[in-house]
Each structure stands twice: as structure tokens, then as C-alpha cells.
Asks: 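Please read through the structure below; I'll follow up with questions.
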Amino acid sequence: MTGSTGGRLAGRSAVVTGAALGIGRATAELFAAEGARLVVTDIDAAALEVLRAALAADGAEVRAVVGDVSVPADARRMVEEAVAGYGGIDVLVANAGILPLQNVLDATPEDWDRVMAVDGRGMFLTCKYAIEHMAPVGRGSIVCLSSISGLAGQSGQAAYGPAKFVASGLTKHLAVEWAGSGIRVNAVAPGTIRTDRVRRLPQEPGGQEYLDAIVRQHPLGRLGEPEEVARAILFLASDEASFVTGVVLPVDGGYLAQ
Ligand SMILES: NC(=O)c1ccc[n+]([C@@H]2O[C@H](COP(=O)([O-])OP(=O)(O)OC[C@H]3O[C@@H](n4cnc5c(N)ncnc54)[C@H](O)[C@@H]3O)[C@@H](O)[C@H]2O)c1
């Protein structure tokens with residue numbers, strides 16, 4: 001994928017969190033193909049290095065930061081790497097997340113705190129530190145990862161779903177708060193996507209049943225592919241979406257249309 005040069009992000013400095021796998025990886029690969037200067041970040045050092053090496057071998061300008069988005073100093077380093085290496089940050093994709101499948105009886109207080117820390121606080125922190133640098137320049141584009149479960153109720157997502165409502169809410173509040181500074185903030189709300197995380201579901205209690213049911217609930221009759229979400233993220237991140245802010249865009253095979 002990284003071979004072509006579409007140029008829709010030519011020369012733009014972009015930070016992608018949770019880039020090692022899944023939607024983050026597909027986004028990093030597409031952004032590289034579109035000419036972005038990348039900072040890829042993840043908590044999984046080994047998988048991140050595999051991605052960094054592959055992108056660099058394809059000729060992309062790429063830097064890697066290992067860290068945990070829920071830790072302020074780590075989140076700050078992810079943004080600062082772009083500022084130090086590329087002179088600023090034009091695009092943030094706040095993608096890093098964990099996706100526990102639990103109902104309210106199974107989810108412990110610790111489970112709630114962990115998903116809120118990574119998916120909620122981590123998104124808040126990376127947006128905060130990115131906006132610190134975007135605001136003085138008067139330009140920037142942020143894309144957050146919400147979900148169908150950040151716009152509607154689902155069973156089995158008692159902790160994860162509310163964390164994704166945080167993503168939808170943060171997107172709208174930051175969009176309004178920073179529009180006057182030239183910063184656009186949008187989100188995508190993917191349906192169920194065939195990422196590394198979702199491929200592991202059949203090994204978990206109730207996971208296969210969840211998957212069988214969820215496929216039937218997507219009118220297009222299949223799971224989405226990470227690349228299909230990455231293309232929507234690219235649109236929102238790029239100047240093609242120059243008059244779009246505060247949107248939570250479903251990429252869901254029609255799930256939310258029902
Ligand atoms: N897969 C889906 O069906 C789906 C649907 C809707 C939304 N999403 C959202 O998309 C995003 C990516 O999901 P995915 O399915 O690609 O997941 P994934 O597990 O395949 O990839 C997530 C990546 O984030 C990294 N990560 C996890 N915790 C981190 C932390 N604390 N700090 C930094 N990096 C961390 C992981 O190491 C991994 O590389 C998440 O925000 C998720 O909520 C996914």
C-alpha cells in the first residue's frame with residue numbers, strides 16, 4: 001500500500017497512536033502512501049518496530065515512539081517527537097484503544113478504570129498536547145476513534161461503550177472549542193472491523209457468538225476492513241474535509257442506519 005504516492009497529505013506531519021496493529025496500522029500505511037511525515041506510536045514496542053521498519057523500507061519518513069497514551073509524559077512525547085522531528089504537528093489520529101467485551105456484571109471496577117484510562121484519558125491527553133502546538137500555528141486536524149458503540153447501545157460493552165461515548169463527546173466539544181483557531185476535530189465511528197483485536201474474539205468466552213450475531217446486524221452483511229476505516233480517516237484528516245468539523249462519521253456497513 002505504501003508504494004503509491006497519492007499526495008493528499010504531502011509534507012504533513014502526522015501522529016498516529018496505537019499504530020502497530022489494526023486500524024492504526026492501516027492508517028499509518030495509507031498516510032505514508034499519501035506523503036505524510038509520520039510519527040507512529042504504540043505501547044507494543046516489538047510490533048511498532050516491525051511497522052516502522054516496513055514503512056521506512058518503502059521510503060516513508062517515519063519516527064516511532066513507544067509509550068502508553070494514558071500516561072501524560074508518554075502522550076506528550078508522542079506529540080513532541082513530531083514537533084522536534086518535523087517542526088510541528090498537522091494531524092493527530094487518536095486511535096490507541098483497548099476493546100474489552102464485557103457485560104456490566106462481568107466488568108470489574110478495575111476494568112472500567114483501565115478502559116477509561118486508555119480510551120478516554122489517553123485520547124484526552126493526546127488531543128490536549130497536540131492542540132497545544134496546533135493552536136499557536138492556527139492550523140490542525142484531529143481524528144478520534146469512536147465506534148458504533150460510542151453512538152448507540154450494544155450488549156457486552158458496558159465499560160468499552162461508555163468510553164467510546166467519551167470519544168464522540170470529546171470530538172464535538174473540542175471541535176467547537178478550537179474551530180476559531182483553525183483546528184478541525186472529527187471522529188470515525190467504525191462498525192465491527194476485522195482487526196487483530198476482533199480476530200482474537202473467538203478465543204474468548206462468548207466471543208464467537210458475539211461475532212456471529214454482529215455480522216448479521218451489519219446490513220452490508222460482513223465485517224469491515226481496517227483499510228475501509230483508514231480511508232475515512234484520511235478524508236477527515238485532509239484538506240478535502242476543510243469545512244467538516246465536529247462530525248462523528250459512521251463507517252459501519254449501515255449498522256446505525258437501522
Ligand atoms: N476493531 C473494531 O471493530 C473497532 C470498531 C470501532 C472502533 N474501534 C476503535 O479503533 C481503535 C483501534 O482498534 P483496533 O481494532 O485496531 O485494535 P487493535 O487491538 O487491533 O490495535 C490497537 C493498538 O493500540 C495499541 N494500544 C493499546 N493500548 C495502548 C496504550 N495504552 N497506549 C498506546 N497504544 C496502545 C495496541 O498495542 C494496538 O497496537 C480503538 O480506539 C477502537 O476502540 C475498533
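In listed order, ligands and their atoms are each counted from 1.
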Asks: Answer yes or no: is there an ion pair linking D196 with R199, defined by an N-O contact shorter than 4.0 Å?
Replies: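 Answer for the salt bridge query: no.
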Asks: With sequence neighbours left out, what residues match L256 under side chain to side chain contact (heavy atoms under 4.5 Å, CB included)?
Replies: I148, L151, A152, P250, D252
Asks: Taking the basic N atoms (NZ, or NE/NH1/NH2) and the acidic carboxylate oxygens, is any pair closer than 4.0 Å for R12 and D239?
Replies: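 A salt bridge is present here (some side-chain N lies under 4.0 Å from a carboxylate O).
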Asks: Who are the residue neighbours of ligand 1 when the rule is a heavy atom under 4.0 Å from any of its atoms?
Replies: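 Ligand 1 is contacted, at a heavy-atom distance under 4.0 Å, by G18, A20, L21, G22, I23, D42, I43, D44, G67, D68, V69, N95, A96, G97, I98, L99, V118, L145, S146, S147, Y160, K164, P190, G191, T192, I193, T195, D196, R197, V198.
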Asks: Report yes or no: does D113 contribute a side-chain atom to a donor-acceptor pair with the main-chain N or O of E110 at less than 3.5 Å?
Replies: no
Asks: Quick one: do R114 and D68 make a salt bridge, cutoff under 4.0 Å?
Replies: yes
Asks: Taking the side chain as C-beta and beyond, is there a heavy-atom pair between V65 and V39 under 4.5 Å?
Replies: yes
